[in-house]
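Here's the structure, in structure tokens; my notes come after.
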Amino acid sequence: MHILGIETSCDETAAAIVADGRTVVSNVVYTQIPLHRQYGGVVPEIASRAHVEKIPQVVKDALTRPVDAVAVTYGPGLSPALIVGLNAAKGLAKALGVPLFGINHIEAHLHTPFLRDAGDEGEAVPIEESMPALGLAVSGGHTNWIDMPEYGVYETVGQTLDDAAGEAFDKAAKLLGLGYPGGPVIDRIAREYGHGDLMPFPRGRPREGVSALAGLDAELCVSFSGLKTSLLRYVQKRGGAEALAASGDLPKTVASYQEAIVQSVADRTMRALKRRDYRSLIVGGGVSLNSRMREVLSETCARAGVRILLAKPKYCGDNGAMIAALAYYRRNVDASLIDVSPSLEVG
Ligand code: KG4
Ligand code: ZN
């Protein structure tokens, strides 16, 4: 079964065809990053307009063969951006005379380690045998720990109480004058510096009983607002970003900040892994491209005795393939009749 997936929840206009939920047949991603760069973050109205302009061509390029269904992200994400994809998908499914399935963006990120390309060597990563799994969706919009007792069953057990990990990278880069998006540049600077001699930044452990926990266990949640403030104070103390850079201490600052994010995420992951007899950790989202994150999470999983399932780099960021693929396994939402759901929760 071939499904066309459409994704427009944030700043990527993307479409792809995936066969039987596994093998990517076509994959087209138009990234709007250059349009948002001068603002230091995604501007919803600009994103929406760019989706409107690009989606016809992106879908046309991805539609390399007939499909049996169309799938589309209906949440969570930016409302004006989601609307463009959903409307395009509704029109396309109707024109093609095929069903239209609505997909949760976060759940789709957690399918990315199972994606394959035609011609990939080796066995496909088994899905059922990877369960029960702990899912970690770590991106510019989300940092969630998700319990997956079996495939297709999701329950959020932990999350960030404020900024997502990617946002913490992006805001720090903005403060330090490193450009947008912050993750890749911080990753590069930190990799060159190493992680031997670092400054202690806060590890974002929320206090028990904070109302933002909304019933979740504080042990499995993170908060990056203290870390951000602590970086801001440090930069001010050093006379501003330019003075800090001129002193030569920027790489150490950046590497220390990254380490705080990575260790916070790894610490909560370890705590979550101890709660159940998990077989695997499934990681998805743009921040899972971070080289230190991949390294530390791999060590965490080795210690916990679970298998780590990471996506190929090209499937870490937002893409249509993850939407098309998950739709093969989850056809429970008829999207021809629904509206977008910007705050959609998993499960
Ligand atoms: O999954 P994604 O493409 O979009 C969302 O759904 O948010 O993630 C984008 C986020 C951005 O915040 C970006 O800075 C971050 O992923 N990112 C990284 C790296 N590459 C992208 N963060 C840390 N290290 C990286 N190498
Ligand atoms: Zn995403």
Side-chain angles (χ1 to χ4, degrees), residues 5-14 16 27 29-33 36-37 39-42 44 47 51 72-78 81-82 85 103-113 115 135-144 146 159-160 163-176 178-192 195 224 227-228 254-255 257-266 283-297 310-323 325-326 342 344 346:
I6 295 178
E7 155 63 40
T8 65
S9 69
C10 190
D11 61 346
E12 266 85 32
T13 315
N27 183 41
V29 180
Y30 164 75
T31 178
Q32 306 174 358
I33 285 175
H36 300 287
R37 193 166 273 144
Y39 305 100
V42 180
H51 286 312
V72 62
T73 308
Y74 72 104
L78 303 169
L82 289 164
I103 292 295
N104 179 312
H105 180 88
I106 299 180
E107 294 174 10
H109 270 302
L110 297 181
H111 188 77
T112 52
L115 288 173
L136 168 59
V138 66
S139 73
H142 300 276
T143 302
N144 293 51
I146 294 158
Q159 65 187 22
T160 175
D163 290 347
E167 234 175 323
F169 276 107
D170 295 340
K171 288 181 176 171
K174 193 172 180 180
L175 172 67
L176 296 169
L178 299 174
Y180 174 82
V185 48
I186 289 178
D187 189 359
R188 182 175 47 74
I189 296 172
R191 198 164 47 221
E192 281 162 16
H195 50 271
F224 292 119
L227 171 65
K228 214 172 51 190
V254 162
Y257 184 86
Q258 172 179 282
E259 192 69 11
I261 297 176
V262 169
Q263 294 297 344
S264 311
V265 171
V283 194
V287 180
S288 69
L289 281 169
N290 185 271
S291 49
R292 183 72 181 141
M293 185 73 84
R294 288 175 99 90
E295 181 180 54
V296 172
L297 286 177
L310 290 158
K312 290 185 187 181
K314 66 177 169 181
Y315 300 129
C316 286
D318 292 346
N319 62 81
M322 65 185 194
I323 307 303
L326 183 58
L344 184 65
V346 299

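The first residue in the sequence is number 1, and the count goes up from there. Every number for a ligand or one of its atoms is a count from 1 in the order of the listing.
Summarising the geometry, atom OG1 belonging to T112 is positioned 12.5 Å from atom NZ belonging to K314; distances are rounded to the nearest 0.5 Å. From L289, atom CG reaches atom CG of L310 across 10.0 Å, with rounding to the nearest 0.5 Å. From L326, atom CG reaches atom CG of L110 across 9.0 Å, with rounding to the nearest 0.5 Å. Atom-to-atom distance recorded for T8:OG1 and I323:CD1 is 9.5 Å, nearest 0.5 angstrom.
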Derivation and outcome, side chain to side chain contact (heavy atoms under 4.5 Å, CB included), residues M293 and Q258:
CA-CA 9 Å; M293 185 73 84; Q258 172 179 282; over 6 Å; no

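The single protein non-hydrogen atom nearest to atom 4 (O) of ligand 1 is D318 OD2, 3.3 Å, given as residue, atom name and distance. Atom 10 (C) of ligand 1 has G140 N, 3.4 Å as its closest protein atom, hydrogens excluded (heavy atom only). From the protein, the heavy atom lying nearest to atom 1 (O) of ligand 1 is G286 N, 2.9 Å. Considering only non-hydrogen protein atoms, atom 24 (N) of ligand 1 sits nearest to N290 ND2, 3.0 Å. Among all non-hydrogen protein atoms, the one lying nearest atom 15 (C) of ligand 1 is V287 CG2, 3.9 Å.
Inter-residue side-chain proximity for V287 and T143 is flagged as unmet; no heavy-atom pair is nearer than 4.5 Å. Between E7 and N319 the shortest side-chain heavy-atom distance does not fall below 4.5 Å.
The shortest heavy-atom contact between Y180 and I33 is O-CG2, 4.2 Å.
Of all the heavy atoms of D187, the ones lying under 4.0 Å from any atom of ligand 1 belong exclusively to the side chain. Residue D170 touches ligand 1 through its side chain alone, judged by heavy-atom distances below 4.0 Å.
D170 has no carboxylate O lying under 4.0 Å from a charged side-chain N of K174, or vice versa, which leaves the two without a salt bridge.
Remark: of the listed residues L78, L344, D318, D318 is the sole one forming a side chain to side chain contact (heavy atoms under 4.5 Å, CB included) with S9.
At least one heavy atom of H105 sits closer than 4.0 Å to an atom of ligand 1. Using 4.0 Å as the threshold, H109 has a heavy atom nearer than that to some atom of ligand 1. Proximity of G141 to ligand 1 is established by a heavy-atom distance of less than 4.0 Å.
Relative ring orientation between H142 and H105 is described as tilted, the plane-to-plane angle lying within the 30° to 60° band.
Those atoms of ligand 1 with a heavy atom of P181 less than 4.0 angstrom away are 14 (O). Close approach of ligand 1 to G166 is summarised as follows: ligand atoms under 4.0 Å from at least one heavy atom of the residue are 12 (O). With ligand atoms numbered from 1 in the order given, ligand 1 contributes 1 (O), 5 (C), 6 (O), 7 (O), 8 (O) to contacts under 4.0 Å with heavy atoms of S139.
At under 3.5 Å, not a single nitrogen or oxygen of G317, backbone or side chain, sits near a nitrogen or oxygen of ligand 1. For ligand 1, one of its N or O atoms has an N or O atom of G183 under 3.5 Å away.
With the Zn ion (ligand 2) as the vertex, NE2 of H109 and NE2 of H105 span 100° to the nearest 10°.
Taking the N/O/S atoms of D318 in turn, the shortest distance to the Zn ion (ligand 2) belongs to OD1.
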